[in-house]
Amino acid sequence: MNVAGGTFDVERIRARFPLLARQVHGKPLIYFDNANTAQKPAAVIEAVDRFYRNSNANVARAVHTLGDEATTAYEASRDALARFVNASSRDEIVLTSGTTQAINLVAYSHALPRLQPGDSILLTQMEHHANIVPWQLVCERSGATIKVAPINETGELIVERFIELLTPEVKLAAVAHVSNVLGTINPVATLARECRKRGIPLLVDGSQAAPHLDIDLRALGCDFYTLTGHKLFGPTGTGMLWARRELLEAMPPFFGGGEMIREVRFEGTTFADPPHRFEAGTPNIAGFAGLKVALDFLDELGQEPVFAHERDLLAHLADALARLPGIRIFGQAASKVPVVSFLLDGAHAHDVATLLDQEGIAVRSGHHCAHPLMQFYGVPATLRASLAFYNTHEEIDAFVAAIKRVRKLLG
Ligand code: PLP
């Protein structure tokens, strides 16, 4: 337990993330770019190192000891992910390189064979490009079109409009659980219920939700769910697609190759059952060994103290930013995670981010892979501060003080 005297012992937790101790431009690092990628606890780094030092071998091929250890480490990550999202079965978990690969898999394997000219895919205005472009590509091939559910100025999905748009030609809806730009938490259980009533499968992009919310797929009621290991304090190149078993069973392979077959003859090939049918080739075994340890780490911290600390950080950050004159904040949803996008009047986002970097502060500036959302707000870019449970009030105070200095510098 890392809860000392009823409070979240953030310093003890920070000490377990080696990178947080470094300096940038001679200043202590303040890492507020967690929605981009999160830092890794030493235990995760050591697990990757240990895999290469002790167990390195390929999975599901060799009967020797190392092969067995590698397969065990890889499959243990599937078990840990199944527990993390409360899946009914480990066989519903396809290990992927991340959310991008997971969504492409559903687009090409589930959607494309079903799409006809005149059909539609329903998205929302706040999607990441990873949840737009794969759908555009399969629409181009099939003659289907994209429909977009609108949001309001506050950065919330207009749920009634989303429901109205669930018309018979919609063959799938795909929605971010949490917006990577606004931090908005979408009411995916409600959306899933409405989709289900109409027999429309719902894919939920959980890339930004998994680090901040309790993901209970049995309660959520969606049909596909994706997540990203590197935003979840695990290694890059790891992630997951969860899908209902019957959907996975009906999906043809997307990538072909080793590991995903039952028998190969030149006349034709029979394929392995899910999830292995979708895991052709050598996966990121060391990465998954690390992701398992990241999930264990989160388990050890416990969700309640982590979420309470994050709520507290968000309140502190939102309050401090709201007091600054000449700042425009994007996304003020009632239900959100600690991700805040903003602009300073008259200053370009990249200039502000560059000056903040000189102070050791890492925030992201740009379109955040969400061009349509930038178009909605009529801006080319924003600054984004995205926090994790290892961030502190003191860092927020230093960040706000730095913004004041930057504004003076930029006139
Ligand atoms: N979806 C959302 C909402 C994201 O924020 C991101 C990453 O920034 C992605 C998808 C892409 O995820 P991955 O890096 O796992 O491909």
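Side chains included, hydrogens not; waters and symmetry mates left out as well; all remaining heavy atoms used. We count ligands from 1, going down the list as the structure has it; atoms in each ligand are counted the same way.
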At under 4.0 Å between heavy atoms, which part of [X] makes contact with ligand 1: side chain, backbone, both or neither?
X	value
Asp205	side chain
Glu127	neither
Ala130	side chain

Asn180 neighbourhood, listing ligand 1 atoms whose heavy-atom distance to it stays under 4.0 Å: 5 (O)
Atom indices of ligand 1 within 4.0 angstrom of Gly98 heavy atoms, with elements: 15 (O)
Ring centers of Phe307, Phe8 separated by less than 6.0 Å: no
Heavy-atom nearest option to atom 7 (C) of ligand 1, drawn from Lys231, His368, Met240: Lys231
Which residue and heavy atom of the protein sit nearest atom 5 (O) of ligand 1, plus the separation: Gln208 NE2, 2.7 Å
Identity and separation of the nearest protein heavy atom to atom 4 (C) of ligand 1: His128 CD2, 3.2 Å
Residue among Phe399, Tyr390, Phe342 satisfying ring-ring contact (aromatic ring centres under 6.0 Å, His included) with Phe32: Phe399
Between Thr228 and Ser207: side-chain donor-acceptor atoms closer than 3.5 Å: yes
Asp357 versus His25, side-chain donor and acceptor atoms under 3.5 Å: yes
Non-hydrogen atoms of Cys222 and Leu217 that approach each other most closely: SG-CD2, 4.2 Å
Asn391 vs Ile396 side-chain heavy atoms within contact, under 4.5 Å: no
